[in-house]
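One structure is given below, encoded as structure tokens.
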Amino acid sequence: MESTILKNTYEINAGEFQTAGDVSANIKRKLKQIGIGGTVLRRIAVASYEAELNLIIHSHGGKLTLEMTPSSIILTSADVGPGIPDLSKAMQEGYSTASEEARDLGFGAGMGLPNMKRNADGFSIESEVGKGTTIQMRFDVKDA
Amino acid sequence: MKVSELMELIGATNLNPEANLDTEITCGYSCDLLSWVLAHGKAGMAWCTVQTHVNVIAVSVLMEMACVILVEGVEPEPASLKKAIDEEMPILATNKTAYEVCVLMGQAGVLPPAE
């Protein structure tokens with residue numbers, strides 16, 4: 001195991017659309033300060049925003065954790081439910097179970113999970129109905 | 001083309017006094033589905049939308065866009081304007097449709113986003 005050189009956890013509450021993006025902006029600022037930039041920073045920003053939005057739109061609340069090792073940045077989204085009944089459907093572009101409220105704001109295009117996967121160098125998702133969902137994304141960094 | 005030149009081209013008003021209008025525009029785009037914009041947005045983009053809530057600003061800042069163009073006379077929510085001012089993101093307001101703005105941008109040589 002590589003040593004962790006940075007670890008931050010952010011609480012995200014369900015339904016808080018007004019502050020959506022604040023955690024991702026914070027993560028982006030922090031990574032920029034330690035010298036991460038360019039395409040990888042943008043990919044991390046998009047993936048963390050999608051994860052943050054998913055927690056706000058779909059979960060009962062959860063946490064987004066940012067970890068950095070010498071070779072990679074790991075983003076973990078862990079929520080306390082409700083869990084995803086059909087993961088393969090949820091991973092399909094265009095499939096969404098977002099609420100009317102989320103759709104009115106222009107979310108719920110069914111792009112969230114595929115967008116996270118596309119932007120990350122490594123992606124895993126585990127979910128159990130009634131328990132929750134955990135998503136881990138890895139981003140490789142060079143010379144960071 | 002700079003944001004200030006785009007304003008003149010499409011006859012828009014800048015609603016954010018703190019914005020940097022010297023940013024160079026790299027491409028033009030129109031979409032109201034924010035998740036879609038997150039998948040296709042680019043740095044330096046000039047983005048047309050009728051969405052007015054605060055998440056529009058969050059998306060444009062994360063994607064490092066040049067400006068947001070609110071079309072057809074829609075007005076930003078107060079929280080959106082505040083966030084745009086905090087983040088120095090230009091918000092251009094126009095009565096033109098997204099289609100008209102895109103036509104004008106295209107004629108002036110602004111390209112669609114490259115994949």
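Because only heavy atoms are used, hydrogens play no part in the values below, and waters and symmetry mates are left out as well, while side chains stay in. Just so we're on the same page: letters track the sequence lines, and every chain starts at 1.
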Dump the table of donor-acceptor contacts under 3.5 Å between chain A and chain B, or return none if there are none.
| residue | atom | partner | partner atom | Å |
| --- | --- | --- | --- | --- |
| A:Phe17 | O | B:Asn55 | ND2 | 3.4 |
| A:Asp22 | OD1 | B:Lys83 | NZ | 2.9 |
| A:Lys28 | NZ | B:Leu62 | O | 3.0 |
| A:Lys28 | NZ | B:Glu64 | OE2 | 2.8 |
| A:Arg42 | NH1 | B:Met63 | O | 2.7 |
| A:Leu105 | O | B:His53 | NE2 | 2.6 |
| A:Gly106 | O | B:Leu34 | N | 2.6 |

Tell me whether [Y] is reachable from [X] by hopping between hydrophobic residues (I, L, V, M, F, W, Y) whose side-chain heavy atoms are closer than 4.5 Å.
{"X": "B:Val74", "Y": "B:Leu33", "result": "yes"}
{"X": "B:Leu111", "Y": "B:Ile25", "result": "no"}
{"X": "A:Ile27", "Y": "A:Leu6", "result": "yes"}
{"X": "A:Ile74", "Y": "A:Ile36", "result": "no"}
{"X": "B:Val103", "Y": "B:Leu70", "result": "no"}

Expected list for residues 78-91 of chain A: side-chain donor-acceptor pairs under 3.5 angstrom, two or more places apart:
| residue | atom | partner | partner atom | Å |
| --- | --- | --- | --- | --- |
| A:Asp79 | OD1 | A:Gly81 | N | 3.0 |
| A:Asp79 | OD1 | A:Thr133 | N | 2.8 |
| A:Asp86 | OD1 | A:Ser88 | N | 3.3 |
| A:Asp86 | OD1 | A:Ser88 | OG | 2.9 |
| A:Asp86 | OD1 | A:Lys89 | N | 3.2 |

Say you draw a straight line from CG of A:Leu41 to CG of B:Leu62; how long is it, rounded to the nearest 0.5 Å?
9.5 Å

If you link I, L, V, M, F, W and Y whenever their side-chain heavy atoms are under 4.5 Å apart, who else ends up in the same group as A:Val129?
none

Indicate the atoms forming the closest heavy-atom contact of [X] with [Y], along with that distance.
{"X": "A:Val46", "Y": "B:Leu38", "result": "CG1-O, 3.8 Å"}
{"X": "B:Val54", "Y": "A:Phe17", "result": "CG1-O, 4.1 Å"}
{"X": "A:Gly21", "Y": "B:Ala58", "result": "CA-CB, 4.3 Å"}

Report which part of B:Ala79 has an atom under 4.5 Å of a heavy atom belonging to chain A: side chain, backbone, both, or neither.
side chain

Quick one: salt bridge (Lys or Arg N to Asp or Glu O under 4.0 Å) pairs with a partner in residues 43-54 of chain B, sequence neighbours left out?
none

